[in-house]
Amino acid sequence: MSAAKRQKSSKDVPYELMYWPGIPGRGEHVRLALEEAGATYTDTAHIEKGINQVVAQIAESNVGDELNPPPLAPPILRHGDLLISQTPNILLYLGPRLGLVHAEDDEDHPDALYKVNALALTALDGLSSEVHDCHHPIATSLYYEDQKEESKKKAKDFVDNRMPKFLGYFERVLQGKASGEGPWLYGGKLTYADLVLFQASLPMSCPCIDGTKFTFRKGMAAAEKSGKYAHVFKLYDAVKERPRIQEYLASKRRQEYSKGIYRYYEELDFGPEGHD
């Protein structure tokens with residue numbers, strides 16, 4: 001394939017996001033990046049029978065094509081001839097193209113992409129993957145009801161130990177010189193890592209910060225009230241107030257939390273000292 005064709009393909013066609021309907025899930029991190037950038041994209045979650053596209057991509061009969069191996073699971077992004085999967089990999093691709101990371105030739109922030117990616121990976125590890133493991137600590141193939149007692153132990157440990165560890169880490173990042181001016185994680189500029197942290201934190205009430213807000217309402221409320229993580233919650237509010245994000249969150253394009261990564265079970269909603 002010629003370089004000219006690849007360049008045309010990567011600039012002149014919409015992004016195609018393939019993800020399950022009915023839950024925000026890991027696809028929400030990709031949506032937030034596309035929405036913040038005002039990018040043109042399609043989303044199988046909002047297409048009639050769009051789920052068939054997802055199923056076809058992950059079917060055992062799919063061996064990929066001459067350019068792309070088959071994806072294991074969504075989210076999946078198609079852009080021209082390119083087909084990629086894995087949330088952080090998709091964001092690594094989108095970041096420079098959507099202006100959600102510093103330019104490669106930015107001498108004041110050399111190799112910014114790799115620093116931003118590390119921050120995004122950390123948020124996804126601690127405030128997305130570990131949150132999911134709280135309601136499925138033994139096996140994803142089992143129902144929550146089949147591992148409820150183990151889930152209680154896992155959730156309490158997360159609230160008591162893991163959540164403070166990751167919130168504390170990002171508080172340190174935001175207090176560091178590399179964070180720069182303003183409420184952002186790196187270089188005084190909103191990057192896709194900020195969007196990932198926002199989403200991851202919300203489910204604790206609702207994505208990483210957002211999603212964790214949704215899942216662990218008492219724990220996150222106590223964390224915010226403590227004042228120990230003031231910069232983290234300031235970032236959360238700053239993302240939520242951005243015009244395009246604000247419009248998106250109020251729109252029907254935004255999926256509601258249900259039975260995805262971020263779920264609410266009252267018996268798992270521990271405060272710092274238990275069920276307070």
*Asks:* Does any part of the side chain of Leu83, heavy atoms only, come nearer than 4.5 Å to the side chain of Gln57, both counted from C-beta?
*Replies:* yes
*Asks:* When rounded to the nearest 0.5 angstrom, what is the spacing between CG in Leu32 and CD1 in Ile245?
*Replies:* 5.0 Å
*Asks:* Distance only, no hydrogens: is a donor on one side chain within 3.5 Å (strictly under) of an acceptor on the other, for Tyr41 and Glu35?
*Replies:* yes
*Asks:* When rounded to the nearest 0.5 angstrom, what is the spacing between CG in Asp65 and CG in Asp81?
*Replies:* 8.5 Å
*Asks:* Would you check if there is a donor-acceptor pair between the side chains of Glu104 and His109 at a distance under 3.5 Å?
*Replies:* no
*Asks:* List the residues meeting ring-ring contact (aromatic ring centres under 6.0 Å, His included) with Tyr229, not counting sequence neighbours, and say none if there are none.
*Replies:* none
*Asks:* Check ring-ring contact (aromatic ring centres under 6.0 Å, His included) between His231 and all other residues, then give those that pass, not counting sequence neighbours.
*Replies:* none
*Asks:* Pick from Phe233, Tyr236, Tyr192: which one makes a ring pair (Phe, Tyr, Trp, His ring centres under 6.0 Å) with Phe198?
*Replies:* Tyr236
*Asks:* Hey, are the side chains of His79 and Glu16 touching, using non-hydrogen atoms and a 4.5 Å cut-off?
*Replies:* no
*Asks:* Would Met220 end up clustered with Tyr169 when hydrophobic side chains under 4.5 Å apart are linked, directly or stepwise?
*Replies:* yes
*Asks:* Are Leu98 and Val196 connected into the same hydrophobic cluster when the rule is that any two of I, L, V, M, F, W, Y join if their side-chain heavy atoms are below 4.5 Å apart?
*Replies:* yes
*Asks:* Does a salt bridge link Lys154 with Glu130, judged by any charged N lying under 4.0 Å from a carboxylate O?
*Replies:* no
*Asks:* Do Thr87 and Arg26 come close enough that some side-chain heavy atom pair is under 4.5 Å?
*Replies:* yes
*Asks:* Taking the basic N atoms (NZ, or NE/NH1/NH2) and the acidic carboxylate oxygens, is any pair closer than 4.0 Å for Glu150 and Lys153?
*Replies:* no
*Asks:* I need the Leu94 CG to Leu77 CG distance, nearest 0.5 Å.
*Replies:* 5.5 Å
*Asks:* Against the six-membered ring of Tyr93, is Arg97 placed for a cation-pi contact (under 6.0 Å from the centre, within 45° of the normal)?
*Replies:* yes
*Asks:* If Ile, Leu, Val, Met, Phe, Trp and Tyr residues are connected whenever their side-chain heavy atoms lie under 4.5 Å apart, and connections chain through other members, are Leu235 and Tyr248 in the same group?
*Replies:* yes
*Asks:* So Glu145 and Lys148, salt bridge (Lys or Arg N to Asp or Glu O under 4.0 Å) or not? Walk me through it.
*Replies:* CA-CA 5 Å; Glu145 289 74 18; Lys148 186 180 289 188; 5.9 Å; no
*Asks:* Treat each ILVMFWY residue as a node, draw an edge where side-chain heavy atoms are under 4.5 Å apart, and state whether Ile47 and Ile51 are in one component.
*Replies:* no
*Asks:* Using a cut-off of 6.0 Å, state whether more than 12 heavy atoms not belonging to Glu48 lie near its atom CD.
*Replies:* no
*Asks:* Measuring from Leu113:CG to Leu100:CG, what's the distance to the nearest 0.5 Å?
*Replies:* 11.5 Å
*Asks:* Might you work through the salt bridge (Lys or Arg N to Asp or Glu O under 4.0 Å) test for Asp43 and Arg31, ending with a clear yes or no?
*Replies:* CA-CA 9 Å; Asp43 185 347; Arg31 290 188 190 100; 2.6 Å; yes
*Asks:* Can you name the one residue among Tyr186, Trp184, Tyr114 that meets ring pair (Phe, Tyr, Trp, His ring centres under 6.0 Å) with His102?
*Replies:* Tyr186
*Asks:* Between Arg253 and Glu247, is the closest basic N to carboxylate O distance under 4.0 Å?
*Replies:* yes
*Asks:* Using a strict cut-off of less than 4.0 Å between a Lys/Arg side-chain nitrogen and an Asp/Glu carboxylate oxygen, indicate whether Glu171 and Lys228 qualify as a salt bridge.
*Replies:* no
*Asks:* Do Ile84 and Leu92 share a hydrophobic cluster, counting only Ile, Leu, Val, Met, Phe, Trp and Tyr and linking them when any side-chain heavy atoms are less than 4.5 Å apart?
*Replies:* yes
